[in-house]
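Here is the structure we will look at, set down as structure tokens.
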Amino acid sequence: MRLATWNINSVRFRITLVRRFLREFEPDVLCLQETKVEDDLFPRRAFESLGYAHHAIRGQKGYHGVAILSKIPLTNITSRDWAETGDTRHISAELDGGIELHNFYVPAGGDVPDPKTNPKFDQKLRFMGEMADAFADQDPRPRILVGDINIAPLETDVWSHKNLLKIVSHTPVEVELFERTQAAGNWVDAVRHFIPPDQQLYSWWSYRSPNWEKADKGRRLDHVWVSPDLAPSLRSAAVITKPRGWKKASDHAPIIIDLKVGDIEAGDINPGTQAGT
DNA sequence: ATGGTGGAAGGTCCA
């Protein structure tokens, strides 16, 4: 099974890029964040025509929004309001075969890394805290958590650890909370499972840096976690950097993981698609 | 201390 996650920054504005990505990389399941569209205006047909018949969509007008588009049937579709944001930042579904999939868009947190003066940062910390609690007391079962977590935890997940220590997304309080959430759910970082932590790895490059590729001032804000029972099924994982260079690109690159589950064998990711070095 | 870019909404917010 091939699973992809991508902060698309408006699914309608970038529907051509989404279709190109689906044709070139053929994931079985695609998780999107920042779809920026109400559910009844979601471009379902574009996905149906490429074989993604099963949809779990939770969106709102103009901001946020998450979606799961799948070739595999989805059941038990649910969503939750985390940290009382009132935003559409989460949707979950069960994949045929029994894997529980959670798709998150964690709040970015604003500019000032102080929960006392910046309500957005406070909300981000509470959001992550609730995520830690939510998965801590569940029975061990196959599950996958993906999304734009808006935190780059490792020193090698940012272009400069020192320069970003006080920048929201890489502050010590966020990193600590990220690690606590990961540990509470016994989550395995599927991407770092294959790409060693001493290697620089990013999934986001700001629009504000004109030559993003050459400057390469990126951060790894997007993540794929799997429950420990699924870790032996992991076959490969990669940040797919190419779509960041496409015309009208999202500022985030998609991530793909391949798993051997059931009778669906994972295809190897094409050479040359991996990020870094 | 500021601005750089981008999408969507709609004369501004959020990232």
Side-chain angles (χ1 to χ4, degrees), chain A residues 5-21 31-43 46 57-67 81-90 103-115 117-128 146-153 157-160 162-171 174 177-178 202-223 239 241-255:
Chain A
T5 179
W6 195 6
N7 179 319
I8 194 60
N9 187 15
S10 175
V11 66
R12 286 184 295 176
F13 187 75
R14 278 179 245 288
I15 192 64
T16 308
L17 280 73
V18 176
R19 292 173 62 90
R20 180 175 173 188
F21 173 72
C31 298
L32 295 174
Q33 302 87 35
E34 280 208 88
T35 53
K36 294 188 173 180
V37 63
E38 289 168 291
D39 294 351
D40 52 1
L41 294 176
F42 193 97
I57 294 166
R58 179 112 176 85
Q60 69 187 81
K61 193 175 181 176
Y63 304 99
H64 323 305
V66 287
D81 182 17
W82 304 73
E84 296 167 314
T85 65
D87 302 334
T88 52
R89 295 181 177 273
H90 167 255
N103 180 10
F104 279 98
Y105 175 47
V106 175
D111 287 331
V112 181
D114 177 6
T117 60
N118 175 8
K120 291 181 191 170
F121 193 73
D122 178 63
Q123 199 172 58
K124 181 180 194 175
L125 300 184
R126 287 190 291 113
F127 196 110
M128 288 295 292
V146 308
D148 179 0
I149 308 297
N150 267 316
I151 297 173
D157 290 336
V158 292
W159 64 275
S160 167
K162 202 176 168 184
N163 286 3
L164 289 174
L165 271 170
K166 292 180 179 175
I167 302 298
V168 170
S169 73
H170 192 61
T171 63
E174 288 171 273
L177 190 48
F178 183 101
Y202 317 133
S203 66
W204 172 87
W205 293 261
S206 173
Y207 285 127
R208 297 175 192 180
S209 177
N211 42 15
W212 68 275
E213 195 164 21
K214 196 170 182 191
D216 201 22
K217 292 187 172 179
R219 306 177 204 169
R220 189 169 72 108
L221 304 178
D222 303 275
H223 299 274
V239 177
T241 312
K242 232 188 340 179
R244 181 61 181 82
W246 291 347
K247 201 168 182 159
K248 299 205 305 187
S250 167
D251 45 354
H252 292 255
I255 294 171

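Naming: A, B, ... by sequence-line order, numbering from 1 per chain.
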Nearest-Å distance once atom [atom1] is located in both [N] and [M]:
N: dG10(B); M: dC14(B); atom1: P; answer: 13 Å
N: dA1(B); M: dG11(B); atom1: C1'; answer: 27 Å
N: dC13(B); M: dA9(B); atom1: P; answer: 16 Å

For Thr35(A), check side chain to side chain donor-acceptor pair (under 3.5 Å) against everything at least two apart and list the hits. none
Please name all residues satisfying side chain to side chain donor-acceptor pair (under 3.5 Å) with Asp157(A), sequence neighbours left out, ordered by chain then number. Arg192(A), Arg220(A)
Those residues that, when tested against Arg20(A), pass salt bridge (Lys or Arg N to Asp or Glu O under 4.0 Å) (two or more places apart): Glu24(A)
With Asp251(A), which residues qualify under salt bridge (Lys or Arg N to Asp or Glu O under 4.0 Å), at least two apart?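 In terms of salt bridge (Lys or Arg N to Asp or Glu O under 4.0 Å), with neighbours along the sequence ignored, Asp251(A) is linked to no residue.
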Ignoring hydrogens and angles, state whether a donor on the side chain of Lys36(A) or Asn9(A) is under 3.5 Å from an acceptor on the partner side chain. yes
Looking for any heavy atom pair under 4.0 Å, which part of the strands does Arg89(A) touch: base, sugar-phosphate only, or nothing?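 Sugar-phosphate only.
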Sugar-phosphate only, base, or nothing, as touched by Phe13(A) at under 4.0 Å among non-hydrogen atoms: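 Phe13(A): backbone/sugar contact only, no base atoms under 4.0 Å.
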Asp122(A): which residues meet the side chain to side chain contact (heavy atoms under 4.5 Å, CB included) condition with it, sequence neighbours left out? Pro115(A), Arg126(A)
Of Ser209(A) and Gly109(A), whose nearest nucleotide on DNA chain B comes first from the 5' end?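 Checking each residue's closest nucleotide, the 5'-ward one belongs to Ser209(A).
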Closest-nucleotide 5' rank along DNA chain B - winner of Lys120(A) and Tyr207(A): Tyr207(A)
First and last nucleotide of DNA chain B in contact with chain A, 5' to 3', at under 4.0 Å to a heavy atom: what are they? dG4(B) to dA15(B)
